[in-house]
Amino acid sequence: MLHYVLAAILLAQWANIPLPNTPRTADGKPNISAPAPKTSDGRPDLSGIWRVGEGRYLQNIAADIGEAPFQPWAAALYKERADALGKGRPSERCIPHGIPDGMLVRNSPFKIVQTPGVVVILYEEFNHYRQIFTDGRGFPPETNPSWFGYSIGKWEDDTFVAETVGFNDKSWFDDPGHPHSDALRVTERFRRLNFGRMEILITFDDPMAYTKPWSATIPFTLLPDTEIIESICENERDHEHIVGK
Amino acid sequence: MSDLAIVIFMLAQWVNVALPNIPRTSDGKPNLTAPASKTADGKPDLTGIWRNPDGRYLDNVAVNGVEVPFQPWAAALYKERQATFSKDRPSGRCLPHGVPDAMLVPATPFKILQTPGVTLILFENQGRYRQVFTDGRGFPKEMQPTWLGYSIGKWEGDTFVVDTKGFNDQTWIDDGGHPHSDAYHAIERFYRRDFGHMELEITIDDPKAYTRPWKVTIPFEFFPDMELMESVCENERDTPHMVGK
């Protein structure tokens, strides 16, 4: 029975699709330590399928700094959520994970598609996407509060810098529930170190929820020669499996 | 009070973003009858935000007098769905609209992003996406049944031809409820007639549900100087508003 379950899980894994642009070692395997690819304009190309290198950031985005510089209400809310084992988090109702939470789920990689005017992030999880505009537009004068916000990107040398505003106050930074307000401004600095590795330095600037801006550096690894799979959250079916108290 | 409601509705409309690559008439307005854009390799560029202006196709994709060659079970199921005003359609539970249903919702446009290896379709509705692969890969040997299927695209002259298989049997072809089985094979032919107009001829090939392939042609209009909004479906909140019997 256990074997049967394992087989079913394996079938649901990512298909092997040898992709043309994957650099290879002499034995034909993907060479994940090859240099980062470049686009025709000489910029690093972030395109590819990525997954977070370590699961602990989903468990606590502030893992490396000890404790986030909470405002008192945010500290109390975080404690309440963490004590309830993250019960009530938006993703259990099939609502988006948010930023950076959507990139932290180790079982659900995401794909970056870098085009001249926009960088798109396709999340395997929930089949949601996010756009980071690079066509020179600025932030609109008014935006509707949203789960993924409104993102503008630019290059600083080899680092892709995405600024995002226009969040609602409902998404969580991680599964235990680091909260934020609608004053949140997120800066993400994407650096592709080589073909197989990327880091994102993410800074949270939210004076309503935190006493000062704070940051986390999150490692990602490339999933070569594969494709993301469709993963649709079905509320009624999944709800009963939720853990928490 | 009704003024307030109107203001809120207006705020929730699409952000006006004057985009660079839009041909304009002498008065600065988008020139929707200019020639279709081309990519660097000379193919028509389908990139842009599109919407189906005619809600009749959403209610019934075969509205233009197309005779639908139902198998008996499919005819009975369609009749039942019609009789209950489509109460049980998947989107009512925040599950994906299918192909072509997701492109038929006039209130929610979609964006095509044509890149060298993949063409993305980003749906405003439910914030979901489709990938159409053009990097030379074939269909995987085994495909998990999915809501939006696995899509491979190629060019035939100026027409982008998309083959999609690997569907589950749960999506509806339109909100009226034309059903399909897991044998559904959709062949979509996208033709951008000029800057502002695109036609999609879709052939529905599903021998389990229909006695022969049938096809419909759906018009789309370019949605200039706008950006998609985030539109997240929230189950618990939306379900009480559903109509049907």
Side-chain angles (χ1 to χ4, degrees), chain A residues 11-21 40 47 90 93-96 111 113-118 120-123 126-131 133 135-150 166-168 170-171 226-237 239, chain B residues 8 10-21 40 47 90 93-96 111 113-123 126-131 133 135-150 166 168 170 227-237 239:
Chain A
L11 272 178
Q13 288 308 293
W14 302 283
N16 184 266
I17 300 171
L19 296 175
N21 297 326
S40 58
S47 296
R93 291 179 295 127
C94 302
I95 289 169
K111 183 178 195 170
V113 180
Q114 183 171 326
T115 85
V118 61
V120 180
I121 300 182
L122 305 176
Y123 298 103
F126 302 175
N127 192 244
H128 284 145
Y129 65 85
R130 190 186 152 197
Q131 298 189 81
F133 303 108
D135 55 4
R137 70 178 74 178
F139 290 113
E142 292 189 65
T143 53
N144 290 297
S146 61
W147 293 88
F148 289 115
Y150 198 98
F167 290 101
N168 66 29
K170 298 190 276 189
S171 70
T226 191
E227 191 48 67
I228 47 177
I229 52 183
E230 185 187 279
S231 169
I232 301 294
C233 182
E234 297 193 36
N235 228 348
E236 297 101 320
R237 229 185 253 186
H239 205 80
Chain B
I8 290 167
M10 298 287 292
L11 276 176
Q13 289 307 290
W14 299 278
V15 170
N16 187 271
V17 183
L19 294 174
N21 299 317
T47 298
R93 292 181 295 130
C94 298
L95 293 171
K111 183 183 224 174
L113 274 175
Q114 185 173 324
T115 85
V118 62
T119 292
L120 304 180
I121 305 180
L122 306 179
F123 299 108
Q126 300 186 4
R128 300 192 197 279
Y129 62 88
R130 263 177 91 186
Q131 297 189 79
F133 302 109
D135 54 4
R137 71 178 73 180
F139 288 103
K141 286 191 205 84
E142 290 190 59
M143 288 184 279
Q144 298 289 320
T146 57
W147 293 86
L148 294 163
Y150 198 98
N168 65 29
Q170 297 175 70
E227 189 48 65
L228 300 180
M229 295 194 302
E230 184 183 279
S231 167
V232 169
C233 188
E234 298 192 35
N235 228 348
E236 296 102 320
R237 236 186 247 187
T239 308

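Labels below follow one simple rule: chain letters A, B, ... track the order of the sequence lines, proteins then strands, and each chain is numbered from 1. None of the values given here were measured: they were computed from a predicted structure.
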Checking [X] against chain A: side chain, backbone, both or neither under 4.5 Å from a heavy atom?
{"X": "Leu148(B)", "result": "both"}
{"X": "Phe123(B)", "result": "backbone"}
{"X": "Gln131(B)", "result": "side chain"}
{"X": "Lys111(B)", "result": "side chain"}
{"X": "Thr115(B)", "result": "side chain"}

Is [X] in contact with chain B via its backbone, its side chain, both, or neither, using a 4.5 Å heavy-atom distance?
{"X": "Ser146(A)", "value": "both"}
{"X": "Gln114(A)", "value": "neither"}
{"X": "Tyr150(A)", "value": "side chain"}
{"X": "Ile17(A)", "value": "side chain"}

Q) For Thr119(B), which residues count as a side-chain hydrogen bond (donor to acceptor under 3.5 Å, both in side chains) partner, sequence neighbours excluded? A)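 Residues passing side-chain hydrogen bond (donor to acceptor under 3.5 Å, both in side chains) with Thr119(B): none at all.
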
Q) In terms of heavy-atom pairs under 4.5 Å with chain A, which of Leu228(B), Val17(B), Val118(B) leads? A) Val17(B)

Q: For chain A, find which of Thr47(B), Asn21(B), Leu122(B), Asp135(B) contributes the most heavy-atom pairs closer than 4.5 angstrom.
A: Leu122(B)

Q. Hey, is the main chain of Pro18(A) close enough, under 3.5 Å, to the side chain of Arg137(B) for a donor-acceptor pair?
A.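 The answer is no, because no donor-acceptor pair under 3.5 Å joins these two groups.
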
Q.
I'd like to know if the side chain of Tyr129(B) reaches the main chain of Ile121(A), judged simply by a donor and an acceptor atom lying under 3.5 Å from each other, with no hydrogens or angles considered.
A.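 Pair absent, no side-chain N/O of Tyr129(B) close to backbone of Ile121(A).
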
Q) Under a 4.5 Å cut-off applied to non-hydrogen side-chain atoms, are Val113(A) and Leu113(B) in contact? A) no

